[in-house]
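All heavy atoms count here, side chains included; hydrogens, waters and symmetry mates do not. The sequence lines fix the lettering, A, B, ..., with proteins before strands; numbering per chain opens at 1.
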Amino acid sequence: MASVSSQPQFRYTQPPSKVLHLRNLPWECTEEELIELGKPFGKVVNTKCNVGANRNQAFIEFADLNQAIAMISYYASSSEPAQVRGKTVYLQYSNRQEIVNNKTTADIAGNVLLVTIEGQDARLVSIDVLHLVFSAFGFVHKITTFEKTAGFQALVQFSDSETATSAKNALDGRIIPRYLLSDNVAPCTLKITYSAHTDLSVKFQSHRSRDYTNPYLPVAPSAIDGSNQFSLGLDGKKLEPESNVLLASIENMQYAVTLDVLHMVFSAFGPVQKIAMFDKNGALQALIQYPDVQTAIVAKEALEGHCIYDGGFCKLHLSYSRHTDLSIKLNNDRSRDYTIANPAMVTPQPSALGQQPVQTMGQAGHQYNGTQYTAPGMGQPMMPPQPSAGWGTSAVPAVPQSMPVQMINHNPYVPPASMPQMSHGMMQMPPGQSGVPPPASTMPYFRPNHM
DNA sequence: AGCACA
């Protein structure tokens with residue numbers, strides 16, 4: 001008796017199925033290519049590619065069994081074999097009757113990421129730190145955070161799935177950079193999948209949710225009254241009440257820090273309305289006013305403890321001021337109201353940044369809105385002053401020529417001292433990227449596998 | 001070149 005083989009996998013003939021098994025496919029054959037191949041014979045309702053250890057097998061499922069039969073019959077008698085990208089592929093009926101796609105929602109790319117923060121101190125990771133981390137890849141529209149059995153989680157909404165994917169690819173499995181967290185916070189790993197959400201609903205700006213497209217969204221009462229965790233820092237210490245005005249004190253001020261330098265640095269996070277500089281106990285301090293608390297929070301998170309110049313010079317210490325609206329009596333080299341568009345004011349000081357201020361004045365008086373807002377790390381200045389600016393004039397001793405270059409290349413978010421530890425560190429980024437959001441001008445969004 | 005690992 002001519003019998004059926006006892007090894008079902010290696011029978012010459014398979015019983016017909018509307019699912020076809022393909023092998024010898026070219027590397028990383030796409031779903032589109034499979035559909036193209038099957039389309040002449042019927043309606044392809046499902047595919048699965050990159051199957052098998054070599055990822056060179058695939059399945060095509062037709063709507064109807066006859067369509068699958070048509071395809072098998074055609075190539076059985078054709079002089080031209082079935083081909084994908086010029087490579088012969090071998091077809092047979094699958095030994096299954098339908099394709100089982102194991103894809104869960106977590107595998108379908110979307111513009112919203114589900115982020116699980118793992119680690120002993122995951123709950124101490126603030127929404128602002130998450131915002132900074134994800135802003136490296138594009139404008140973050142919204143973030144919500146919540147506690148689930150999985151632990152501390154966040155939904156992070158980008159404009160599109162491409163941006164979300166670049167963030168996911170770069171950050172999944174990585175840890176939050178140490179310098180964004182307090183020293184005593186244990187490492188926090190990010191586990192990222194896609195969420196099925198496309199638009200998060202954020203009713204209030206609060207300690208658990210933010211809508212960065214709408215800075216005028218009311219702040220949740222619970223976030224203001226200081227009675228909850230919102231008033232706790234990463235280290236669990238009480239913070240001073242948040243304010244739209246930051247008090248900056250500058251430590252180790254080896255180089256001139258001018259009004260324009262401060263304006264440039266702080267403008268990276270949103271429009272700076274006013275700056276007032278003054279001396280306190282021999283150290284330079286400044287009050288920097290933003291239109292809203294959110295911007296100030298983000299600026300403070302990003303800049304606290306970081307240096308304006310490479311080499312540990314002009315280290316910033318930031319706190320929230322009790323002021324909400326600075327009174328600038330006159331514009332001079334120590335104080336300025338950028339909301340008043342007065343060309344006469346633009347007269348720069350002879351020394352620093354002579355060529356720069358006009359441009360930075362451009363933001364004056366503009367409304368702070370979603371489209372204009374530049375995510376930290378993405379946009380605007382946050383570049384250290386031009387080489388000619390901070391020094392070379394005045395009392396500053398001669399600076400080695402290499403300094404300015406180093407400084408310009410240096411990501412200003414990163415305290416210089418922390419760079420080495422980053423490199424053997426945590427967030428291993430592709431070449432050319434430090435672990436932090438570099439300015440958009442220098443950093444294309446991370447697109448893996450693209451030229 | 002020979003059947004998916006959720």
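None of A:Thr144, A:Leu155, A:Thr213, A:Ile143 except one satisfies the side-chain contact (heavy atoms from CB on, under 4.5 Å) rule with A:Val202; the exception is A:Thr144.
Atom P of nucleotide B:dA1 and atom OH of A:Tyr93 are separated by 23 Å, given to the nearest angstrom. At whole-Å resolution of the value, CZ in A:Arg96 and P in B:dA4 are 6 Å apart. Taking atom CG on A:Leu20 and atom P on B:dC3, their separation rounds to 15 Å, with Å as the unit. Put simply, CD1 on A:Ile99 is 11 Å from C1' on B:dC3, counting in whole angstrom units. Between A:Gln83 atom CD and B:dA1 atom C1' the separation is 15 Å, expressed in whole Å. Distance CG (A:Asn95) to P (B:dG2): 14 Å, rounded to an integer number of Å. At whole-Å resolution of the value, CG in A:Leu25 and P in B:dA1 are 11 Å apart. Between A:Leu22 atom CG and B:dC3 atom C1' the separation is 11 Å, expressed in whole Å.
Ring-plane geometry between A:Tyr290 and A:Phe266 is classed as tilted, the angle between the planes lying from 30 to 60 degrees on a 0 to 90 degree scale.
Listed nucleotides B:dC3, B:dA4, B:dA6 differ in distance to A:His21; the shortest reach to its side chain belongs to B:dC3.
Dashed line: the shortest gap from a side-chain N or O of A:Asn102 to OP1 or OP2 of B:dA6 is not under 4.0 Å.
Residues from residues 49-67 of chain A with heavy atoms under 4.0 angstrom of DNA chain B, sorted by number: A:Val51, A:Gln57, A:Phe59.
A residue-by-residue look at A:Tyr90 and A:Lys48 shows that A:Tyr90 has its nearest nucleotide of DNA chain B further toward the 5' end.
The closest side-chain donor-acceptor pair between A:His197 and A:Gln157, if any, does not fall under 3.5 angstrom. Side chains of A:Thr163 and A:Asp160: a donor on one and an acceptor on the other come within 3.5 Å.
Residues satisfying the ring pair (Phe, Tyr, Trp, His ring centres under 6.0 Å) test with A:Phe204, not counting sequence neighbours, are none.
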task = List the steps, then state whether side chain to side chain contact (heavy atoms under 4.5 Å, CB included) holds for A:Tyr93 with A:Ile69.
result = CA-CA 8 Å; A:Tyr93 297 114; A:Ile69 293 172; 3.4 Å; yes
Expected list for residues 106-116 of chain A: side-chain donor-acceptor pairs under 3.5 angstrom, two or more places apart:
| unit_1 | atom_1 | unit_2 | atom_2 | d |
| --- | --- | --- | --- | --- |
| A:Asp107 | OD2 | A:Thr104 | N | 3.1 |
| A:Asp107 | OD2 | A:Thr104 | OG1 | 3.4 |
| A:Asn111 | ND2 | A:Phe158 | O | 3.0 |
| A:Asn111 | ND2 | A:Thr198 | O | 2.9 |
| A:Thr116 | OG1 | A:Gln153 | NE2 | 2.8 |

